[in-house]
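Below: one structure, written as structure tokens.
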Amino acid sequence: MKAIASAPAKTILFGEHSVVYDEPAIAGAVNKRAYVEITKSDRDKSILRSYDLNFEVELDTKHKKYILKKGKPGIIRYILEALNRVHDHTPIEMTLSSSVPIGSGLGSSAAVTVATLAALYRYHNIRFNKKSLAHDAHMVEQAVQGVASPLDTLVSTYGGLVYLSRNKKVEHFKVNFNVPFVVGYTHKHGNTGKIVKDVRNLKNNNPKIINPVITSMGNLTNYAKQAILKGDFKKVGELMNINHGFLDVLGVNTLELSRMVYVARGAGAIGSKITGAGGGGSIIALCPDKVNEVARAINKSDNVLKIRFTRKGVSSRV
Ligand code: MEV
């Protein structure tokens, strides 16, 4: 018996941080995926390995403890949480591969969590649908991280470009937003929980200044929704630049992120901003005609990925 599943990574285009205060957000699945394969093991222990992430761990029968044979598998906490919720502790071999660089700010943990749960449900012949899977994956992320919005796991499950409204209604864009983006990442992974807390403190200490900023970020996201629906990339870029300014106001910018944002604009990006929590992590640049120039300019001292949005969400089979 073999079960296979994959799920896409995501990037937030608009609304990080303001989404925590129930403002809208727009995020999309990207053409980088996590893949999980599960087979029955003849050994008395379960093995979890990844050749491309270069780790191997042995799990005890209760999946409470693991022995690290090779590498540094930070992602394993998500896999253990998923196993403890779904798996019956019989020995399995699980292989993870990923074209999503861990810590690139593209939601690698959500992609791995969604793919792991889908593969486990297939392996155990448990019925599921996208709604239940997105919910269960969000529970896993929340258990591991303490704080998590449902956005990442939702996008990794459904694929496509998603608009999350003020009252948490999910709308899937029907338009084809097939423009190239460049993601620049620093390898300095920001601590999302701490950054979200710092923003809350700033907001609580300066409500008259920060509350209108958060509301403006929500309004901006709604303008961006209209611009995407019209295919008006110039407007999307302009709004990305304003959004970056607001994120700077919230104190989540860093020297490295700032540098990449302006290098990208200097090389021809029509919009560039922090994507995700900030404090490290990544920027995203919209560059319909200048993808190679922007990628090259950022790549001089940081890591870079060329990405596109994809409609393909989770996929699984036995
Ligand atoms: C992190 O990817 C996005 C934040 O808005 C936090 C969240 O929504 O949970 C900063």
Side-chain angles (χ1 to χ4, degrees), residues 7-30 32 34 74-75 78 100-114 134-135 137-157 161-170 181 183-203 210-211 213-218 220-222 224 240 243-254 257 273-284 305 307 309:
K10 71 92 208 20
T11 184
I12 298 179
L13 259 188
F14 294 98
E16 49 276 273
H17 287 292
S18 44
V19 72
V20 174
Y21 304 99
D22 295 329
E23 293 295 340
I26 298 173
V30 300
K32 303 279 168 204
I75 202 78
Y78 296 87
V100 195
I102 302 293
S104 60
L106 290 179
S108 50
S109 59
V112 168
T113 302
V114 169
H135 170 268
H138 176 48
M139 292 298 108
V140 168
E141 279 222 316
Q142 214 158 33
V144 174
Q145 291 171 198
V147 254
S149 83
L151 200 58
D152 289 16
T153 40
L154 199 77
V155 173
S156 281
T157 304
L161 203 57
V162 169
Y163 169 82
L164 189 68
S165 76
R166 283 197 165 105
N167 57 6
K168 297 273 176 283
K169 212 173 132 253
V170 176
F181 285 91
V183 164
Y185 61 102
T186 57
H187 271 310
K188 287 190 192 122
H189 202 30
N191 178 341
T192 302
K194 180 177 180 306
I195 299 165
V196 169
K197 222 153 117 197
D198 290 347
V199 171
R200 185 176 297 277
N201 288 339
L202 188 77
K203 183 176 174 302
I210 301 298
N211 289 346
V213 171
I214 302 272
T215 310
S216 288
M217 289 167 93
L220 179 151
T221 302
N222 284 335
M240 285 172 75
N243 198 161
H244 180 73
F246 284 145
L247 288 165
D248 199 1
V249 169
L250 297 188
V252 304
N253 201 359
T254 66
L257 293 171
K273 64 181 273 292
I274 289 169
T275 178
S282 312
I283 67 116
I284 182 167
L305 287 171
I307 58 154
F309 287 113

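Both counts, for ligands and for their atoms, begin at 1 and track the order of listing.
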What does the N/O contact table under 3.5 Å look like for ligand 1?
{"unit_1": "ligand 1", "atom_1": "5 (O)", "unit_2": "His17", "atom_2": "N", "d": "2.9"}
{"unit_1": "ligand 1", "atom_1": "8 (O)", "unit_2": "Ser149", "atom_2": "OG", "d": "3.1"}
{"unit_1": "ligand 1", "atom_1": "9 (O)", "unit_2": "Ser149", "atom_2": "N", "d": "3.0"}

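Within a 6.0 Å sphere centred on NZ of Lys168, heavy atoms belonging to other residues, nucleotides or ligands number more than 12. More than 12 heavy atoms of other residues, nucleotides or ligands lie within 6.0 Å of CZ in Arg166, so this atom counts as buried by the packing criterion.
Side-chain contact check for Met240 versus His244: every heavy-atom pair is 4.5 Å or farther apart.
Across all non-hydrogen atoms, the minimal contact from Ala111 to Ala7 is O-CB, 3.5 Å. Phe14 and Lys273 get closest at one heavy-atom pair: N-NZ, 4.3 Å.
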Between Glu16 and Val252, does the side chain to side chain contact (heavy atoms under 4.5 Å, CB included) criterion hold? Intermediate values first, please.
CA-CA 11 Å; Glu16 49 276 273; Val252 304; over 6 Å; no
